[in-house]
Protein chains: 2
Amino acid sequence: MTVKRRSVPARQDGRATRWAGQRERRRREFVDAALKAITEHGPHVSTQQIADRAGVPRTRLYRHFNGKADLAAAIAERVIEQVVVELDPVWNPRGTPMEMIELAVRTHVAWMAEHAAIYQYVINIGGEAGASAYHDVKVAVSGHIAALFREYLHASGGDTTAAEPAAYGLVGFVDAATTRWLEHPDEQTREELVRKLVDWAWLLISDTAAKSGLELDPHQRLPTPKELRAQHATR
Amino acid sequence: MTVKRRSVPARQDGRATRWAGQRERRRREFVDAALKAITEHGPHVSTQQIADRAGVPRTRLYRHFNGKADLAAAIAERVIEQVVVELDPVWNPRGTPMEMIELAVRTHVAWMAEHAAIYQYVINIGGEAGASAYHDVKVAVSGHIAALFREYLHASGGDTTAAEPAAYGLVGFVDAATTRWLEHPDEQTREELVRKLVDWAWLLISDTAAKSGLELDPHQRLPTPKELRAQHATR
DNA sequence: TCTAAGTGTGACCCGAAGTAACGCTAACCA
DNA sequence: TGGTTAGCGTTACTTCGGGTCACACTTAGA
């Protein structure tokens with residue numbers, strides 16, 4: 001029996017369309033509440049504490065999240081969104097290499113110092129709850145930096161296999177050094193720490209670039225990969 | 001009333017002395033079993049799985065450990081013992097700076113590659129179980145390296161506040177870069193990774209040393225701090 | 001024969017995550 | 001106006017892993 005098929009329904013049931021986007025809205029609200037609960041109670045926050053903060057019964061969380069792991073993943077996504085925005089001048093290079101490095105290091109140290117509980121949640125506890133690797137903040141940030149490195153190494157004919165270890169390593173470096181500093185803040189000021197980290201990062205980046213024939217000036221605007229390719233071709 | 005006091009009991013009850021050292025023996029056995037259970041079941045090993053491996057009822061564990069956190073601490077201590085032994089040529093400097101750096105990097109990468117579950121347990125899960133910071137393997141290793149850096153920086157009149165961030169940062173660097181490599185082992189060989197890590201570590205160490213007036217030769221035996229102090233005094 | 005210290009067994013408790021049924025509310029539709 | 005749709009709060013319940021405890025047993029020593 002032939003049924004006439006419409007590409008779209010003529011008119012939809014208002015009882016259904018009334019709730020359009022509700023799931024997404026609720027998930028955002030619960031993530032907002034979760035971030036506050038983590039800040040208030042620490043990274044070992046319970047689902048009960050998150051629900052209390054959201055003003056709903058705990059069982060309601062399971063209507064919008066497929067378990068605590070799903071919620072942890074959503075929290076990590078939110079943090080990634082924020083960090084990616086803050087580091088836009090690094091992904092879409094603007095300014096000098098030194099300015100970009102300084103922004104990246106400061107942003108990382110700031111996140112660790114000013115959002116300690118949230119940072120620890122997404123880096124450790126959230127991961128333990130089972131969030132997939134692609135939600136991991138460290139991996140996201142390191143991946144972005146690695147992509148930038150690879151692009152420049154490739155444009156100057158260098159060894160692109162250095163991109164990943166350098167990027168991941170640098171993020172790990174800043175992370176570990178800052179963790180230590182947060183546990184012993186009297187050893188030096190935050191500015192002194194940042195200064196050292198920036199210097200070391202520059203040292204490593206400039207040396208890696210030099211090895212691929214790319215002489216970077218720390219205080220001159222970073223050339224675009226296109227400019228580099230043109231420059232590399234004329235040798 | 002005066003009581004005659006003996007410095008030691010004349011003769012001890014054999015029923016008590018029979019069990020001397022038993023608690024320590026049992027703890028070592030249970031840690032041995034735990035390491036095997038972690039290797040077999042992964043870092044999220046349960047106390048039931050550890051007890052099964054030890055061949056005892058689960059409740060027996062609580063007679064020798066003050067909870068899972070205490071067991072995790074004992075496991076971390078065991079790993080620290082082994083790593084500290086393997087890195088003795090670094091703590092008690094023998095050989096050239098390059099040889100020492102290479103040994104440290106290789107040992108770290110080997111631990112991560114060949115004892116993945118144990119490494120992940122002591123770095124993450126074990127920590128989460130509540131083990132005190134001083135049992136943390138990373139802190140232990142980084143602390144050793146920092147002490148070595150501080151000693152040399154001090155002997156050459158340099159800025160000793162660079163010791164901690166450099167040491168902790170370098171361990172974090174190798175850790176993060178190797179974690180990435182383990183997830184994508186086809187990007188380069190382990191040898192290529194190690195080579196890069198050693199080069200970067202040398203770069204950073206030599207630059208930090210140079211800034212404090214200490215010119216290191218990567219392939220000459222590392223001078224002792226005493227030799228450095230004598231050398232520094234004659235300037 | 002009694003005692004000391006360790007042992008295995010089994011029962012039980014607790015907290016946290018997760019599931020499900022039920023009745024309610026508000027808006028929409030025929 | 002009554003029925004329907006979708007989300008909501010309440011309550012009860014299950015599962016799991018960590019942790020505690022009492023009891024009987026074993027072995028050696030006094």
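Lettering of chains follows the sequences in order, A, B, ..., and the numbering in each one begins at 1. These numbers were taken from a predicted model, which means no experiment stands behind them. Below, all heavy atoms of this structure are taken into account, side chains as well, without hydrogens, waters or symmetry copies.
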ask   = Hey, which of B:Thr178, B:Asp175, B:Val83, B:Leu170 is the one that makes side-chain contact (heavy atoms from CB on, under 4.5 Å) with B:His108?
value = B:Asp175
Nearest-Å distance for atom pair CD/C1', residues B:Gln22 and C:dT7 =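 Distance check: B:Gln22 CD to C:dT7 C1' gives 10 Å.
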task = Kindly assign one of parallel, tilted or perpendicular to the pair A:Phe173 and B:Phe173, based on the angle between their ring planes and the thresholds 30° and 60°.
result =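 Plane angle over 60°, so perpendicular.
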request  = Could you label the plane-to-plane angle of the A:His64 and A:Phe30 rings as parallel, tilted or perpendicular, counting under 30° as parallel and over 60° as perpendicular?
outcome  =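 Plane angle over 60°, so perpendicular.
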ask   = Taking atom P of C:dA21 as reference, at what distance in whole Å does atom CZ of A:Arg60 sit?
value = 14 Å
remark   = Of the candidates D:dG9, C:dG18, C:dG6, the side chain of A:Pro57 sits closest to D:dG9
inquiry  = Side chain of A:Val56, heavy atoms from C-beta onward: which of C:dA27, D:dG9, D:dG18 has the nearest atom to it?
reply    =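 For A:Val56, the side-chain atoms sit closest to D:dG9.
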query = Taking the nucleotide of DNA chain C with the closest heavy atom to each, which residue, B:Arg23 or A:Asn66, is nearer the 5' end?
reply =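 Of the two residues, B:Arg23 wins.
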request  = Using a cut-off of strictly less than 4.0 Å, decide whether A:His64 has a side-chain nitrogen or oxygen near OP1 or OP2 of D:dC8.
outcome  =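 Indeed, a polar side-chain atom of A:His64 lies that close.
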key: Pair of N/O donor and acceptor under 3.5 Å linking C:dG18 base with A:Arg58 side chain   =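 Present.
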Euclidean distance, atom CD of residue A:Gln48 to atom P of C:dA16 [Å, nearest integer] = 9 Å
query = Any side-chain N or O of B:Tyr62 less than 4.0 Å from the OP1 or OP2 oxygen of D:dG19?
reply = yes
request  = Select base, sugar-phosphate, or nothing to describe what A:Arg26 touches, counting heavy atoms under 4.0 Å on all strands.
outcome  =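 The residue A:Arg26 makes sugar-phosphate contact but no base contact.
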ask   = B:Arg63 has an atom CZ; how far is it from atom C1' of D:dT20, in whole Å?
value =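 From B:Arg63 CZ to D:dT20 C1': 9 Å.
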Gap between atoms CH2 and P, on B:Trp19 and C:dA5 respectively (whole Å) =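 For the pair B:Trp19 CH2 and C:dA5 P, the rounded distance is 11 Å.
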remark   = From CG of A:Asp52 across to P of C:dA17 the rounded distance in Å is 12 Å
Euclidean distance, atom CG of residue B:Asp13 to atom P of C:dC2 [Å, nearest integer] = 17 Å
task = Send over the distance from B:Ile50 CD1 to D:dG18 C1', rounded to a whole Å.
result = 12 Å
query = Salt bridge check: are A:Arg58 and A:Asp52 linked by an N-O gap of less than 4.0 Å?
reply = no
message = Does C:dA17 have its OP1 or OP2 closer than 4.0 Å to a side-chain nitrogen or oxygen of A:Thr47?
response =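 It does, given that an N or O in the side chain of A:Thr47 lies less than 4.0 Å from OP1 or OP2 of C:dA17.
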ask   = If you check every side-chain atom of B:Thr59, which of C:dG6, D:dA12, D:dT20 has the closest atom?
value = D:dT20
ask   = Could one point to a donor on the side chain of B:Arg18 or the base of D:dT27 with an acceptor on the other under 3.5 Å away?
value =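 Answer yes: a donor N or O sits under 3.5 Å from an acceptor.
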query = So, B:Asp88 and B:Arg94, do they make that salt bridge, N to O below 4.0 Å?
reply =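 Looking at B:Arg94 together with B:Asp88, the answer is yes, because their closest N to O distance falls below 4.0 Å.
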